[in-house]
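Shown next, in structure tokens, is the structure this report addresses.
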Amino acid sequence: MFAAERRQLILEMVRANGAVSLRELARVVQTSEVTVRRDVRALEAEGLLDRRHGGAVLPGGFTRESGFPQKSHLSTAEKTAIADLAAGLVGEGEAIVVGAGTTTQELARRLARIPGLTVVTNSLLVAQALAHANRVEVVMTGGTLRGSNYALVGSGAEQSLQGLRVSRAFLSGSGLTAERGLSTSNMLSASVDRALVHAAAEVVVLADHTKLGSDTMFQTVPTELITRLVTDEPPLHDERAAAELQSLADQGVEVTVAGPEADGSGGDGAPPGRQPRRDMPLPGQRRTQNGGLGPQLRSASALADVSGEQRARVADLRRR
């Protein structure tokens with residue numbers, strides 16, 4: 001494929017989807033990420049798109065929301081890794097809320113294996129993924145169906161969440177920054193997401209690396225209300241994404257990073273089907289007053305090592 005043909009295809013993908021990762025662009029045009037990055041720079045110089053952490057978006061700063069058919073084919077491997085880690089945070093008998101999105105749909109498929117679980121959701125896709133789970137109770141909100149992402153929105157959805165209290169909320173969105181938190185492109189979706197957050201003791205954000213640094217129109221969760229971020233490992237060259245993760249950690253967000261997918265043998269000493277441990281090097285870790293390191297990025301296995309007593313101590317320090 002000639003450079004002009006590649007760039008035209010890249011431009012068409014970004015216009016159709018709003019945001020596309022470099023990995024996905026390289027896969028579609030069948031070339032290396034280095035070549036795609038060069039093409040994206042050339043298109044940005046012409047004002048046809050904007051570069052973002054590990055990807056490209058529509059020009060103008062605020063990315064528009066893609067429809068479900070487009071988003072379901074983006075960053076599939078990353079979403080799978082994120083969902084695997086997030087499911088490990090949920091225990092038997094818990095009551096949780098799960099918002100709408102393609103990443104939360106992946107999470108729901110894994111939640112079907114957890115007995116005694118109660119899942120409250122406004123997403124038809126999440127409910128469908130759990131419909132045949134024998135020991136999982138699914139509670140749907142009311143509301144008006146929004147066809148682009150198969151979610152229930154509006155006053156009916158928000159009112160049905162009043163008085164609800166659960167252990168955790170799992171949410172995704174269109175963008176995530178340390179300065180503004182999680183955001184989305186649709187006002188109705190943002191309102192329901194805020195109601196889901198209000199119902200939960202903890203908030204877990206699921207976002208792949210292409211959403212880091214992207215800022216969209218409506219804030220759903222300010223950074224100070226995000227308990228934990230589960231994301232995938234950014235490309236090695238993407239220093240800006242690593243810096244964004246560090247900024248989130250410096251503000252008290254526990255950041256869990258999924259490493260490369262484990263193979264069937266478990267590799268790296270890990271049991272089959274689990275993610276191998278991967279700790280990202282961080283630029284300039286913040287130091288606390290007692291001389292220790294501040295909030296840091298955690299791998300999945302590191303997170304599992306934290307005892308209940310240690311978690312209580314961390315929560316107490318945050319309250320201070």
Side-chain angles (χ1 to χ4, degrees), residues 65-69 71-73 76 78-174 182 184 186 188-208 220-221 225-230 256 273:
E65 183 180 34
S66 306
F68 173 79
K71 289 192 290 186
S72 62
H73 297 294
T76 53
E78 291 87 346
K79 291 172 183 176
T80 297
I82 291 168
D84 285 341
L85 294 190
L89 300 173
V90 183
E92 294 185 15
E94 277 197 65
I96 62 174
V97 293
V98 179
T102 52
T103 310
T104 52
Q105 181 189 24
E106 286 295 325
L107 170 63
R109 291 179 177 132
R110 288 147 182 81
L111 296 178
R113 300 189 291 265
I114 302 176
L117 196 62
T118 300
V119 178
V120 181
T121 185
N122 69 319
S123 169
L124 298 186
L125 297 173
V126 168
Q128 182 184 42
L130 294 167
H132 299 292
N134 293 329
R135 293 182 288 176
V136 177
E137 181 179 2
V138 180
V139 179
M140 293 289 298
T141 68
T144 302
L145 178 63
R146 184 165 178 259
S148 62
N149 64 346
Y150 301 95
L152 297 171
V153 297
S155 59
E158 295 171 44
Q159 290 171 9
S160 66
L161 293 165
Q162 291 180 3
L164 180 70
R165 193 62 173 169
V166 298
S167 60
R168 293 184 184 88
F170 291 88
L171 299 174
S172 60
S174 303
L182 189 67
T184 188
N186 182 266
L188 294 175
S189 295
S191 295
V192 176
D193 282 353
R194 285 193 287 268
L196 292 172
V197 168
H198 186 71
E202 296 182 3
V203 178
V204 181
V205 170
L206 312 181
D208 66 75
T220 56
V221 191
L225 294 184
I226 300 174
T227 309
R228 181 177 287 113
L229 166 66
V230 183
T256 305

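These figures come from a predicted structure and were not determined experimentally.
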Worksheet item: Where do Gln105 and Ala129 come nearest, in terms of heavy atoms and distance?
Response: O-CB, 4.3 Å
Worksheet item: Rounded to the nearest 0.5 Å, how far does CG of Leu117 lie from CD of Glu137?
Response: 10.0 Å
Worksheet item: Can you find a pair of side-chain heavy atoms, one from Val126 and one from Leu111, that are under 4.5 Å apart?
Response: no
Worksheet, complete the sentence: Glu94 meets the side chain to side chain donor-acceptor pair (under 3.5 Å) criterion, sequence neighbours left out, with Ser167, Arg168
Worksheet item: If you round to the nearest 0.5 Å, how far is CD1 of Ile114 from CZ of Arg135?
Response: 11.0 Å
Fill in: Option from Asn122, Val98, Leu164 for which side-chain contact (heavy atoms from CB on, under 4.5 Å) with Leu196 holds
Asn122
Worksheet entry | Ser172 to Ala100 - nearest heavy-atom pair and separation | OG-O, 3.4 Å
Worksheet item: Below 4.0 angstrom, N of the basic side chain to O of the carboxylate: do Lys79 and Asp208 qualify?
Response: no
Practice prompt. Could you point out which residue of Thr103, Thr220, Thr227, Leu182 forms a side-chain contact (heavy atoms from CB on, under 4.5 Å) with Val205?
Written response: Leu182
Practice prompt. Please report the closest heavy-atom contact between Leu152 and Gly142, naming both atoms and the distance.
Written response: CB-O, 3.4 Å
Practice prompt. Specify the closest pair of heavy atoms between Phe170 and Leu89, including all atoms of both residues, with the distance to one decimal.
Written response: CE2-CD1, 4.3 Å
Worksheet item: side chain to side chain donor-acceptor pair (under 3.5 Å) with Arg109: which residues, sequence neighbours excluded?
Response: Glu106
